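The figures that follow rest on heavy atoms only: side chains count, while hydrogens, waters and symmetry mates do not. This is a predicted model, so every value here is computed, not measured.
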Amino acid sequence: MIAFVGQILISIAAFLVVLTTIVTIHELGHFWVARACGVKIDRFSIGFGKAIFSRTDKHGTEWRFAWLPLGGYVKFSGDLDAASVPDAAGLAELRQRLVTERGAGAERDYFHFKPVWQRALITAAGPAANFVLAMVLLTLLFSVVGEQIAAPRVYAVQPNSPAAVAGFQPRDLVLTMNGRSVREGAEVTQAVVLSANDPVTFTVDRAGQVVTLVATPLRQIEDNAVAGRIRVARIGLDLRPLLPQDVTSRRLNPVQAAAKGADMFGATLNSTVTYLGRIFAGKESGDLLNGPVGIAKAAGGITQQAASVSSDLGTQIKSVVLTLIYFGAIVSIGMGFLNLLPIPVLDGGHLLFYGYEAVARRPVPARVQEVGYRVGLALLAGLMLFATWNDLQKLSLFKFLGGLA
C-alpha cells in the first residue's frame with residue numbers, strides 16, 4: 001500500500017512539473033508577442049486560483065503564482081470572458097468607454113482592437129513557443145547523451161506471429177519498410193504500431209542477400225510498465241543488436257544535436273498526424289490517445305524507471321532529469337499540435353476566424369462565433385472524456401467494478 005501511494009505521488013509530482021512548465025511556456029509565447037505588439041496585459045499567472053505570491057511590473061501587469069499548479073494563463077486587458085470570446089455588443093461598449101475615459105485611440109492598446117494580423121501572430125505564438133521549447137529540450141538532450149543507433153536486427157521471431165508467417169528469420173537485418181529505408185529498431189516498431197491490419201512490405205539483408213517479405217501487423221493487448229494496459233499493433237519481431245557493428249555511438253556538437261532534435265521533432269509530428277488520420281479513416285480506435293490520467297501515469301512510470309537504472313543517487317538524478325526532458329519535449333509537441341487544431345476555443349479555431357476576417361474584411365458574425373465556441377467546447381470535452389476513458393481502461397481500474405453491469 002505504501003509503495004502504491006508512493007507511485008501515485010511520484011506520478012502526480014512529475015506530471016505537475018511537466019505540465020506547468022509546458023503550459024507556462026505556451027502562455028509566455030502569447031505574452032511576449034502581445035507585449036511586442038503593444039497589447040495591455042492585466043495578469044500572467046502560473047497556476048490557477050488564489051495567488052500565493054504576486055507583484056506588478058512597470059507595465060501594470062500582475063505576475064502571480066497561484067495555489068493550483070495546473071498550468072497557467074495570460075489575461076489581456078479588456079478580455080470579456082475567460083475564453084477571450086469577442087462579443088460585438090461588449091466590444092462596442094468597451095471601445096466607447098475607453099474613448100470616453102482616455103481619449104480617441106486608447107482602444108489600440110487592447111487585443112481585440114489590434115489589426116487582424118497582430119491578433120493572429122499573438123494567437124499562433126503559444127503553439128510556436130511549445131515547438132521551440134521541444135526543439136530546445138531535444139537539442140539539449142542530444143548534446144548531453146549523444147546518439148546511439150541500434151540497427152534493426154532480428155533477434156527472435158515469435159512463433160505463429162505475422163512475422164513468422166511472412167518468413168522472418170533471426171539475424172535478418174531490416175533495410176526498408178514500404179520502400180522507406182530504416183536505420184534503427186525503434187523506427188520499425190513505430191511504423192508497425194501505425195500500420196495495424198495494413199500489409200507492410202519489408203526488405204531484409206539475409207547473409208548478404210536481399211529478401212522481400214510482407215507482414216500484416218495485428219493488434220494485441222499488452223501490459224506496459226509506463227502506459228498501462230494498451231492494445232497495440234505488432235508483427236512478432238524481437239529486434240536487438242546481435243553483432244558488434246549493430247550499435248554505433250557518437251557524441252554530437254550543438255549543430256548535430258539540433259539536427260537530431262529536428263529529426264525527432266518531425267518524426268513525432270508525423271506520427272501524431274498519421275495516427276489521427278487513421279482514426280478519422282476508421283483504421284484506429286484511438287486506444288493510444290492519452291488524457292490527463294494517462295499522461296500523469298506515464299510521467300510517473302518513466303520517472304520510476306529512470307531512477308531504477310542505478311543505486312547511485314547522482315546517477316539516478318541525472319537519469320530522471322534527462323528522461324523528464326525527453327518526456328517534456330514530446331508532450332510539448334503534442335500540446336502545440338493540439339492547440340493548432342481548427343477547433344473554436346483552441347488557438348487553431350481563433351486562427352480560423354482570423355483567416356476569415358482577413359479575407360472577408362469583416363469579423364465572423366457574432367452568432368456564428370457563439371455557436372462555434374459551443375461546438376468547440378463540446379468537441380474538446382468529448383475528446384478529453386474519450387482520452388480519460390482510455391486512461392482508465394489502460395490502468396485496469398474497471399476490474400474493481402466487475403460485479404456491476
Side-chain angles (χ1 to χ4, degrees), residues 16-87 90-134 136-137 328 332 335-336 338-340 344-351 353-354 357 363 369 373:
L16 291 179
V17 168
V18 171
L19 178 68
T20 300
T21 300
I22 291 172
V23 174
T24 297
I25 295 298
H26 177 98
E27 296 300 329
L28 280 172
H30 293 310
F31 176 87
W32 284 326
V33 177
R35 176 66 60 84
C37 291
V39 174
K40 288 179 64 65
I41 302 169
D42 287 341
R43 179 183 302 141
F44 188 96
S45 178
I46 299 176
F48 294 91
K50 187 176 180 180
I52 299 174
F53 167 81
S54 68
R55 75 173 185 87
T56 301
D57 64 20
K58 63 181 182 179
H59 299 282
T61 301
E62 177 197 9
W63 293 80
R64 65 156 61 178
F65 288 91
W67 71 273
L68 189 59
L70 288 174
Y73 64 92
V74 56
K75 182 180 183 299
F76 299 133
S77 296
D79 277 355
L80 303 178
D81 54 42
S84 302
V85 180
D87 171 80
L91 286 177
E93 180 183 345
L94 176 62
R95 183 192 294 270
Q96 182 60 45
R97 178 166 58 83
L98 290 172
V99 171
T100 300
E101 293 178 356
R102 300 179 54 193
E107 74 278 7
R108 295 172 190 163
D109 293 337
Y110 290 73
F111 174 81
H112 292 301
F113 304 117
K114 288 291 182 180
V116 65
W117 67 268
Q118 289 190 8
R119 282 179 276 144
L121 278 180
I122 294 167
T123 300
N130 283 133
F131 293 150
V132 171
L133 172 64
V136 170
L137 292 177
S332 189
M335 179 172 289
L338 174 66
N339 272 280
L340 283 177
V345 310
L346 295 179
D347 292 330
H350 287 284
L351 291 172
F353 288 158
Y354 297 151
E357 183 177 343
Q369 290 195 53
Y373 283 115

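Note that CG of L121 is 12.0 Å distant from NE2 of H30, once rounded to the nearest 0.5 Å. Rounding to the nearest 0.5 angstrom, the gap separating the CG atom in L28 from the CZ atom in R35 is 11.0 Å. To the nearest 0.5 Å, the span separating CG on L338 from CG on N130 amounts to 10.0 Å. Note that CH2 of W117 is 9.0 Å distant from CD1 of I122, once rounded to the nearest 0.5 Å.
In the displayed structure, F48 atom CZ is contacted under 6.0 Å by more than 12 heavy atoms of other residues, nucleotides or ligands.
Taking the side chain as every heavy atom from C-beta outward, L68 and K50 never approach each other to under 4.5 Å. The closest side-chain heavy-atom distance from F44 to E62 is not below 4.5 Å. Looking only at side-chain heavy atoms (C-beta outward), L340 and F131 come within less than 4.5 Å of each other. You'll find the side chain of H350 stays beyond 4.5 Å of the side chain of R119, heavy atoms only. Proximity of Q118 to V33: side-chain heavy atoms (C-beta onward) are nowhere separated by under 4.5 Å. Annotation: side chain of I46 is not in contact with side chain of Y73 (no heavy-atom distance under 4.5 Å).
Each of T20, T24, V18, L19 was checked for a side chain to side chain contact (heavy atoms under 4.5 Å, CB included) with I22, and the lone residue meeting it is V18.
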**Asked** Should T123 and Y354 be marked as a side-chain contact (heavy atoms from CB on, under 4.5 Å) after you check the CA-CA gap, both sets of side-chain angles, and the distance that decides it?
**Response** CA-CA 10 Å; T123 300; Y354 297 151; 3.3 Å; yes
**Request:** Applying side-chain contact (heavy atoms from CB on, under 4.5 Å), run through W32 and V74 and close with a yes or a no.
**Result:** CA-CA 10 Å; W32 284 326; V74 56; over 6 Å; no
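F31 and W63 have perpendicular rings, their planes meeting at more than 60° on a 0 to 90° scale where under 30° would count as parallel.
Summarising the geometry of N339 relative to P127, their closest heavy-atom pair is CB-CG, 3.9 Å, with the distance given to 0.1 Å. Listed here is the closest heavy atom pair of S332 and L133: OG-CD2, 3.7 Å. Scanning both residues, A34 and I41, for their nearest heavy atoms gives CB-CD1, 4.1 Å. Across every non-hydrogen atom of A129 and G29, the tightest pair is CB-CA, 3.8 Å. G49 approaches A66 most closely through the heavy-atom pair O-CB, 3.6 Å.
The backbone N or O of S45 lies less than 3.5 Å from no partner atom in the side chain of R64, so there is not a single donor-acceptor pair. The backbone N or O of D57 lies less than 3.5 Å from no partner atom in the side chain of T61, so there is not a single donor-acceptor pair.
A salt bridge between K75 and D42 is present, with a side-chain N of the basic residue lying under 4.0 Å from a carboxylate O of the acidic one.
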